[in-house]
Amino acid sequence: MIYTVTFNPAIDYVVHMEELKLNMVNRCNSEAVYFGGKGINVSTVLKNLGIESVALGFIAGFTGKAIEDGLQRAGIRTDFITLHNGISRINVKIKSGKETEINGRGPEVEEEELKLLFEKLNYIQDGDVLVLAGNIPSTLPSDVYESIIASLQEKKIEVVVDATGNLLKNVLKYHPFLIKPNKQELGEIFHTALNTIEDIITYAKKLQELGARNVLISMAGDGAVLITETGQEFTIGVAKGTVKNSVGAGDSMVAGFLASYLKEKDYEKALKMGTAAGSATAFSEGLATLEAVEQLLKTI
Ligand SMILES: Nc1ncnc2c1ncn2[C@@H]1O[C@H](COP(=O)(O)OP(=O)(O)OP(=O)(O)O)[C@@H](O)[C@H]1O
Ligand SMILES: O=P(O)(O)OC[C@@]1(O)O[C@H](CO)[C@@H](O)[C@@H]1O
């Protein structure tokens, strides 16, 4: 089974408008609501690709209930912990030719509530996959991903981490199966500007030296680079299309990569599938559907 963990789920409220004007009442041309947060997006795209997963994490209040209900209606298995206080956040995504996002802080997770997550993670068994994706509420310690992986050390599971900064750096010594920072996040980790593909490959390999088994660096409209534990190095572009809403493109790439790799154990094919899923999301209003992914896969 694949388990995804989203510490800070969100309702993504996506609005389209010609132009965003400051100090004015702006009115949108269209609006839509999606149930998001990075791990949840991975679960949603896996579901669209016909693969089951269980979405774990923390929800709160009426927005949290809406997220849980919405995912279950879509046929996605959930096993969230409901927090005592606060509401799950509403993240506003403004599409006006440019993409502007306002992400909420989200509710606080108390120590007792965090313990409940560790209890649930005990159910993970040999052969399972654990996806830890997204940032954590600021009240939690920045080694929480590390603590989760350390608590599962005895089990033979594949861990995927899509996070930034210390949250990511701290887990590398546990040899995660896959990490997927984007180009900007890679530069931030090493406090350096990455100007060329060669720079990106060099620093992706440094993440491998620090312990990651497979390193996937996504570069939005410029494609992606994959450095594998088998010593292979791949670069790939993107499919052609018109960008509508790239929120969740990275999460879709993780889902596509996993869906293909778990079936075929072929890194090159997995990178193509990840790219098709990422691009399919960028070219859609919501997340990638199976039809869109299959269509784009033929063109990559
Ligand atoms: N403008 C685009 N055109 C085509 N494909 C895209 C575009 N943006 C993203 N993609 C696809 O999605 C993949 C992941 O995108 P990106 O690098 O933006 O991830 P990310 O920064 O993690 O995104 P997010 O945080 O929004 O999920 C890219 O490698 C590419 O395959
Ligand atoms: O605030 P975080 O946790 O960094 O990111 C949250 C978020 O922007 O990530 C997803 C896209 O990757 C969205 O569904 C969600 O709103």
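Small disclaimer: the values here were computed from a predicted structure and weren't measured. Below, all heavy atoms of this structure are taken into account, side chains as well, without hydrogens, waters or symmetry copies. In listed order, ligands and their atoms are each counted from 1.
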What about [X]: any of its N or O atoms under 3.5 Å from an N or O on ligand 1?
X: G274; result: no
X: A220; result: yes
X: D162; result: no

- Task: Work out whether the distance between some heavy atom of K180 and some atom of ligand 1 is less than 4.0 Å.
- Result: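 The answer is yes, since K180 has a heavy atom less than 4.0 Å from ligand 1.
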- Item | Whether K38 lies under 4.0 Å from ligand 1, heavy atom |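 A heavy atom of K38 does come that close to ligand 1.
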Heavy-atom check, side chain of [X] versus side chain of [Y], under 4.5 Å:
X: I102; Y: N91; result: no
X: T275; Y: M253; result: yes
X: L114; Y: F58; result: yes
X: Y34; Y: E285; result: yes
X: K173; Y: V171; result: no

Look at [atom] and say which protein heavy atom is nearest, naming residue and atom and giving the distance to 0.1 Å.
atom: atom 5 (N) of ligand 1; answer: S279 OG, 3.0 Å
atom: atom 23 (O) of ligand 1; answer: G250 N, 3.4 Å
atom: atom 2 (C) of ligand 1; answer: G221 CA, 3.7 Å
atom: atom 1 (N) of ligand 1; answer: V243 CG2, 3.2 Å
atom: atom 29 (O) of ligand 1; answer: G223 O, 3.0 Å
atom: atom 21 (O) of ligand 1; answer: N182 ND2, 2.8 Å
atom: atom 3 (N) of ligand 1; answer: F283 CE2, 3.7 Å
atom: atom 13 (C) of ligand 1; answer: M253 SD, 3.8 Å

- Query: Less than 4.0 Å between a side-chain N and a carboxylate O, is that true for R73 and D69?
  - Reply: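 No, this pair does not count.
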- Provide the full list of ring pair (Phe, Tyr, Trp, His ring centres under 6.0 Å) pairs with a residue in residues 255-300, sequence neighbours left out, each pair given once.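 For residues 255-300: F177-Y261, Y261-Y267.
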- Just jot down the side-chain contact (heavy atoms from CB on, under 4.5 Å) partners of E209, sequence neighbours excluded, or say none.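 Scan of E209 (side-chain contact (heavy atoms from CB on, under 4.5 Å), adjacent residues dropped) gives K206.
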- What pairs with T100 under side-chain contact (heavy atoms from CB on, under 4.5 Å), at least two apart in sequence or on another chain?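 side-chain contact (heavy atoms from CB on, under 4.5 Å) check on T100 returns L20, I94.
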- Measure from atom 16 (P) of ligand 1 to every heavy atom in G241, S218, G134 and give the option owning the shortest one.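 Of the listed residues, S218 has the closest heavy atom.
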- Task: Evaluate the salt bridge (Lys or Arg N to Asp or Glu O under 4.0 Å) criterion for residues K115 and E119: first the C-alpha distance (whole Å), next the side-chain angles of each, then the deciding distance (0.1 Å), finally the verdict.
- Result: CA-CA 6 Å; K115 271 193 201 144; E119 279 169 26; over 6 Å; no
- Task: Check A282 against ligand 1 and report side chain, backbone, both or neither, counting heavy atoms closer than 4.0 Å.
- Result: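 Just the side chain.
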- How does T275 reach ligand 1, if at all, at less than 4.0 Å between non-hydrogen atoms: by side chain, backbone, both, or neither?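 T275 to ligand 1: contacts from backbone and side chain alike.
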May I have a table of the N/O to N/O pairs between ligand 2 and the protein that fall below 3.5 Å, each row giving the two atom names and the distance to 0.1 Å?
{"from": "ligand 2", "atom 1": "1 (O)", "to": "R89", "atom 2": "NH1", "distance (Å)": "2.9"}
{"from": "ligand 2", "atom 1": "1 (O)", "to": "R89", "atom 2": "NH2", "distance (Å)": "3.4"}
{"from": "ligand 2", "atom 1": "1 (O)", "to": "N103", "atom 2": "ND2", "distance (Å)": "3.1"}
{"from": "ligand 2", "atom 1": "3 (O)", "to": "R89", "atom 2": "NH2", "distance (Å)": "3.0"}
{"from": "ligand 2", "atom 1": "4 (O)", "to": "N135", "atom 2": "ND2", "distance (Å)": "3.1"}
{"from": "ligand 2", "atom 1": "8 (O)", "to": "K93", "atom 2": "NZ", "distance (Å)": "2.8"}
{"from": "ligand 2", "atom 1": "8 (O)", "to": "N103", "atom 2": "ND2", "distance (Å)": "3.2"}
{"from": "ligand 2", "atom 1": "9 (O)", "to": "K38", "atom 2": "NZ", "distance (Å)": "3.1"}
{"from": "ligand 2", "atom 1": "12 (O)", "to": "K38", "atom 2": "NZ", "distance (Å)": "2.9"}
{"from": "ligand 2", "atom 1": "12 (O)", "to": "D251", "atom 2": "OD2", "distance (Å)": "2.7"}
{"from": "ligand 2", "atom 1": "14 (O)", "to": "D12", "atom 2": "OD2", "distance (Å)": "2.5"}
{"from": "ligand 2", "atom 1": "14 (O)", "to": "G37", "atom 2": "N", "distance (Å)": "3.0"}
{"from": "ligand 2", "atom 1": "14 (O)", "to": "N41", "atom 2": "ND2", "distance (Å)": "3.0"}
{"from": "ligand 2", "atom 1": "16 (O)", "to": "D12", "atom 2": "OD1", "distance (Å)": "2.6"}
{"from": "ligand 2", "atom 1": "16 (O)", "to": "N91", "atom 2": "ND2", "distance (Å)": "2.9"}
{"from": "ligand 2", "atom 1": "16 (O)", "to": "K93", "atom 2": "NZ", "distance (Å)": "2.9"}

Using a strict cut-off of 4.0 Å, indicate which atoms of ligand 1 neighbour a heavy atom of [X].
X: G248; value: 26 (O), 27 (O)
X: S246; value: 26 (O)
X: G278; value: 11 (C), 12 (O)
X: M219; value: 17 (O), 29 (O)

- Does the gap between the ring centers of Y145 and F7 come in under 6.0 Å?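 Centroid distance Y145-F7: below 6.0 Å, so yes.
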Are a donor atom and an acceptor atom from the side chains of [X] and [Y] found within less than 3.5 Å of each other?
X: S53; Y: S43; answer: yes
X: S218; Y: K183; answer: no
X: N135; Y: T164; answer: yes

- Item | Donor-acceptor contact present, side-chain N48 to main-chain A288, <3.5 Å |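 At least one qualifying donor-acceptor pair exists.
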- Verify same cluster id: I2, I40 (apolar side-chain graph, 4.5 Å):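 Shared cluster, no.
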